[in-house]
Amino acid sequence: MLKDYFIRRALYLIPVLIFISFMSFSLIYIAPGDPAEIMMTSPSGGYDEAAVEAFRIAHGLDQPFYIQYLNWFKGAVVGNFGYSYMSEQPVFETVLNAFKNTLTLSVLALVIALVIAIPFGVVSALKHNTVVDDACRFCALFGVSIPNFWQAYMMIILFSVILHWLPPSGFGHGTEISYMILPATVLGTGSAAVMMRMIRSSMLDVMGKEYIQTARGKGLSEKIVIIRHALKNALVPVITVIGLSIGFLLNGSVVVETIFGWSGIGNLVVDSILSHDYMMVQGSVLFVAVIFLLINFFVDLVYVWANPEIRYDRNS
Amino acid sequence: MSDVLLKVSGVSVSIPTGQGAVHAVDDAAFSINKHEVFSLIGESGSGKSILGQAIMRLLPPNAVFSGKVELGGMEISALSEKEMQKVRGKTVASIAQNPYLAMNPGIRVGTQIAEPMRAHLGMSKEEAKARTCRALKYFDIIPPEVREREYPFQYSGGMLQRAMVAMGTAADPELIIADEPTKGVDVLKKRNIAAIFQKVASDGCAFLLITHDVGFARAMSDRIAVNYCGQIIEIAGRDAFFKEPLHPYSQALLDAVPERGMHPIPGSSPSMIEVPEGCRFHPRCPYKTDRCLTNPPVVKLEGRCVRCWIYA
Amino acid sequence: MIEILKNRQIILSLIILGGLIFMAVFAGVLAPYDYKEKDLQNRQQPPSSDHLFGTDHLGRDILTMVMYGARASLFVGFAVVSVSLAIGVTLGVLAGYYGGWLDEIIMRLTDSFLAFPSMFLALAITAFLGQGMENMMLALIAVEWTVFARVARGSTLDVKTKGYVRASRWVGASNSYVMIKHVLPNIISPVLIMASIGIGNVILAAAGLSFLGFGVQPSTPEWGSMLNAGRTYFSTAPWLMFFPGLLIMMTVLAFNYFGDGLRDALDQKMKNLELEGRF
């Protein structure tokens, strides 16, 4: 049953979730220096012993490690990631808001990636071993090799500084599309390249299948053979790449959001590190890991569901 | 009006590979009458399947084709790809060897069977569905309304085999090309396949059976052609052929079946890239003479023909 | 091996990589200037015959810095991948070979590391360990080893079912003998491919971290930190960013191209293996 598979997969998540929470929490303990001292140090260098002690108590830093972890874990389960050292705001809310902005950008980037990857991947496979295929494959390799921070600046120079088409950076209240185009394109490039390669090999694989020849033998036009018989089957494995791409997009968000001043989770992490807001770093990293894990979990389920044959294999 | 349905003349196919060109089909010439079951027999790898693909015009893109194929008086080898699409599945259909590979795993069986009807008979979705259900019932795939909605992996092997025949016959073709229908199949299943094919043949459909299975060909066919190393070396009526095979290779082939004591043919099949000079069978032939080093003529004898110097 | 050297893609990428390594090793001889040499009279000069790639905001020659920068990037790439490979392959082979609870633990550990998007994990570790090249390399190792663990485990499981391995166990070969004699040779190809792609990915990630200011500090010439330094002047002096970025891309592309060529040349069936990098 699909349900049994679902449950088994969900059970696998539990040890991983516990471990990643532990990893996120311990990060603070590998840090040299006492966060309370760092936070309470005034710009002139001195600090007030009483204020440091008060900070420790306020943030529970005076308790033993395992108690701190358990308290934090209990909170984390119900969405309480503690309070920012800097703004005293709840970490979870800040992270959630930032993540919503990252999500907006990522969805747009994913759409851009798919729009590029599907046609090029298919054409590359259909023109297998020709100059067109070689060019497509080289472009894909190029796409995964280009440093996104560099690409971002090169695009800003071209589209903002020289052509004045798009704003160089800014948030635009998170809704203005003109602010999203450049960062989303930069984010989407790497994913597009990975997806294109995947679609190409998947399409090549399917086009060599006997049922494609059967479909031709029925007198269907090549267009119908490709769209109805090949593309549908070729795109099923691509679902798994979308999971992989989420990782790509989240990774990219760190640099891209910082450069474009987009108030997303990548930007939040970098800012929090620079301001030693360890609580926020910890919370963001855990949040991103959980989201990433869950997305991959659902992607896997969708893959199983979309693929009747696998569904059958795993049932029996 | 002539009774000839398919006429193949002077067809050659070669496929370039890294090691050189494979001459898969050389100067093939034969014809199949309406309602006739015609078998092309020969060892695996002797180019039989390529001939089937050549008739359907579904050769690999790099294959080099020459010759003429006429179907119902129309020269299909000269049609454009667009026109050929109207012939495939409509006048001539093919049935592949392995139903698990030949059916699309991601599309419902009913939809796959209905495709030729929609493409060639101009049927609406509902009409095609009704006809598909009738076809499934005709081939004992019941209950058709349920089976129609299932995917290939939900079918048993025998059922899928029948579904594939239903798909091949969906648009009432006049000729079916069946490629190795009994390869890797046990005796019981072979009998079932024979029964389905006979059912279709009795409805008036002609068959080109491409097989290495001499017994199956004997049970099914009206006429037999023997293929050796890319060439058709003998064509004869079934009874005449099994009573008295003329070509030395035909004789050896029949002696190699279990019922006749399983005498192996001496030597081994030559490479399809460097074929022997003259008669392709001469290195293994017990009757070979010097003239066998030049190409043997196709000798016509009453109702049959053979490519051998002995009968010249 | 000779087959591999007939592959044009591999030859081409080897030539480029050889050139880059040559440039890194002999930067002291090849570079037109001293990378520490500041020339405040000639700040932010555009490319010219004196300074082919222009000069930076302190008047240092960009071409010189790019050449020295190859040292840091290539060193980080090779060092991180070597250590990751050693850790990952050891754990992966042990997990795949012994199976059972050991496999379970190692794989859940791998899953946990994989659960973090790599950039976040690397960033968090560098953030808490403190900035600097060594800490950045530790962070990158923490990310990169999982790739090798998974590939090594997969290939080991695959080899384990082969008849000759089972046979050699039946005749009493010891576990370590089987692992070294049968398992290791079989996982070399996928691991080599992953190593090549991995070096490219690590160089890219290291440059990213340095660009953000968490890796190599601006005092050492490194491509990522050069880009970081050039950010402020990107609209007035774009060459400050253009050339180091171009070098990063060329290097990463060469490693990817090499890995891709290896994959095609070494084994057809490996095309089905999911050999994607971590970054």
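Naming convention: chains lettered A, B, ... in sequence-line order (proteins, then strands); numbering from 1 in each chain.
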Look up atom CG in B/Leu58 and atom OG1 in A/Thr214, then write down how far apart they are to the nearest 0.5 Å.
-> 9.5 Å

Roughly how far, to the nearest 0.5 Å, is NZ of B/Lys82 from OG of A/Ser221?
->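 A/Ser221 atom OG to B/Lys82 atom NZ measures 5.5 Å (nearest 0.5 Å).
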
Relative to chain A, which segment of B/Gln97 carries a heavy atom at a distance below 4.5 Å: side chain, backbone, both, or neither?
->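 Backbone of B/Gln97 only, per the 4.5 Å heavy-atom cut-off to chain A.
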
Relative to chain A, which segment of B/Met103 carries a heavy atom at a distance below 4.5 Å: side chain, backbone, both, or neither?
->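 When you check distances to chain A, only backbone atoms of B/Met103 fall under 4.5 Å.
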
B/Phe30 atom CZ, over 12 foreign heavy atoms within 6.0 Å | yes

Quick check: are there more than 12 heavy atoms from other residues, nucleotides or ligands sitting under 6.0 Å from NZ of B/Lys190?
-> yes

Positions in residues 111-130 of chain A that reach chain B, provided some heavy atom is under 4.5 Å away |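 Contacts with chain B: none.
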
When you measure from the side chain of [X] to the backbone of [Y], do you find a donor-acceptor pair of N or O atoms at a distance under 3.5 Å?
X        : Y        : answer
B/Glu115 : A/Ala215 : no
B/Lys90  : A/Gly219 : no
A/Lys218 : B/Met167 : no

Side chain, backbone, both or neither: which part of A/Lys209 has an atom under 4.5 Å from a heavy atom of chain B?
->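 Neither part; nothing is under 4.5 Å.
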
So which atom in [X] and which in [Y] form the shortest heavy-atom distance, rounded to 0.1 Å?
X        : Y        : result
A/Arg228 : B/Ile107 : O-CD1, 3.7 Å
A/Glu210 : B/Ala102 : OE2-CB, 4.0 Å
B/Gly106 : A/Asn233 : CA-OD1, 3.7 Å

Going through the distances and angles, do B/Met56 and A/Arg216 end up as a side-chain contact (heavy atoms from CB on, under 4.5 Å)?
-> CA-CA 9 Å; B/Met56 292 293 284; A/Arg216 289 190 183 122; over 6 Å; no

Given the options B/Arg118, B/Met164, B/Lys86, B/His120, which has more heavy-atom pairs under 4.5 Å with chain A than any of the others?
-> B/His120

When the side chains of residues 70-80 of chain B are checked against the rest of the protein, which donor-acceptor pairs come out under 3.5 Å, sequence neighbours left out?
from    : atom 1 : to      : atom 2 : distance (Å)
B/Ser77 : OG     : B/Val69 : N      : 3.0
B/Ser80 : OG     : B/Glu83 : N      : 3.2
B/Ser80 : OG     : B/Glu83 : OE1    : 3.2

